[in-house]
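In what follows, residues are counted from 1 in the order of the sequence shown. The analysis underlying the following values was restricted to heavy atoms, covering all of them including side chains, and did not include hydrogens, waters or symmetry mates.
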Amino acid sequence: MKKALQILGAVFALLVVAVLGFVGFAAYTGGRFDASSKSYVDAAVPLIVANWSESELTARAAPQLMQTTTPEQLTKLFTWFSSLGPMKKYCGSQGQSSVFMSPQEGKTVSARYVACAKFERAEASIQITLIQDKDKAWKIAGFHVNSQALVPQ
């Protein structure tokens, strides 16, 4: 019985060390992608929202975004967003990247940011979700615009 408990204790200790190592590795590698993901967001968002260009978004879109949004929906959304008017000032973004590992997908690198911009009619926050493709290029997987001016009255 004592021997079985010692073996079980050793297995448990190895599992704890492995989990802590994995968490540490994910935290370290996730932080490495912060600079490139932030740079991507700060370059892409002004191009997309300056005059509400659907083509600027679709040129940077991940397949996941285009699978969940039809061209008609995108046109309708950008027509609605354009009611904010042209961009007057881009205020930058805040967020971070993360690394997720799974047996099915392997390593997935993603990032979430919130950017701020001032438009002719109102301010807006733009939530952007990025994903790195197999060529290590950032692509936009999610794009959401929030503004008090967009709330139906």
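To the nearest 0.5 angstrom, I48 atom CD1 is 11.5 Å from E54 atom CD. Remark: L47 CG to R60 CZ distance equals 5.0 Å, nearest 0.5 Å. For the atom pair CZ of F143 and CG of L65, the computed distance is 9.5 Å after rounding to the nearest 0.5 Å. The NZ atom of K134 sits 11.5 Å away from the NZ atom of K139 when rounded to the nearest 0.5 Å. One finds the NZ atom of K118 at 5.0 Å from the NZ atom of K89 (value rounded to the nearest 0.5 Å). From E123, atom CD reaches atom CG of N146 across 13.0 Å, with rounding to the nearest 0.5 Å.
Proximity of a side-chain donor or acceptor of D133 to a complementary backbone N or O of D135 within less than 3.5 Å is detected. For the pair S37 (side chain) and D34 (backbone), a donor-acceptor distance under 3.5 Å is present. Within the 3.5 Å criterion, the main-chain N or O of T79 finds a donor-acceptor partner in the side chain of S82. Side-chain N or O atoms of S39 include none that pairs as donor or acceptor with a backbone N or O of A35 at under 3.5 Å.
Ionic pairing of D42 and K38 is present here: one or more N-O contacts between side-chain nitrogen and carboxylate oxygen are shorter than 4.0 angstrom.
Around atom CD of Q94, no more than 12 heavy atoms belonging to other residues, nucleotides or ligands sit under 6.0 Å away.
Cluster annotation: L130 is not connected to V114 through the hydrophobic network of ILVMFWY side chains, with a link wherever side-chain heavy atoms come within less than 4.5 Å. Under the 4.5 Å side-chain heavy-atom criterion for ILVMFWY residues, no single connected hydrophobic cluster contains both I131 and I128.
When all heavy atoms of V99 and K107 are compared, the closest pair comes out as CG1-CG, 3.7 Å. Nearest heavy atoms, A43 versus P46: O-CD, 3.7 Å. Shown here for Y113 and S93, the closest heavy-atom pair between the two residues is CD2-OG, 3.8 Å. A115 and Y90 get closest at one heavy-atom pair: CB-OH, 3.6 Å. Across G85 and E120, no two heavy atoms sit closer than the pair CA-CB, 4.1 Å. When every heavy atom of G142 is checked against every heavy atom of I140, the shortest pair comes out as O-CG2, 3.4 Å.
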task: Kindly determine whether S110 and F100 satisfy side-chain contact (heavy atoms from CB on, under 4.5 Å), including the steps that lead there.
output: CA-CA 8 Å; S110 64; F100 179 72; over 6 Å; no

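In terms of the ring-ring contact (aromatic ring centres under 6.0 Å, His included) criterion, residue partners of F81 (sequence neighbours excluded) are, by chain and number, W52, F78. With sequence neighbours excluded, the residues that form a side-chain contact (heavy atoms from CB on, under 4.5 Å) with A124 are L84, F119, V145, S147.
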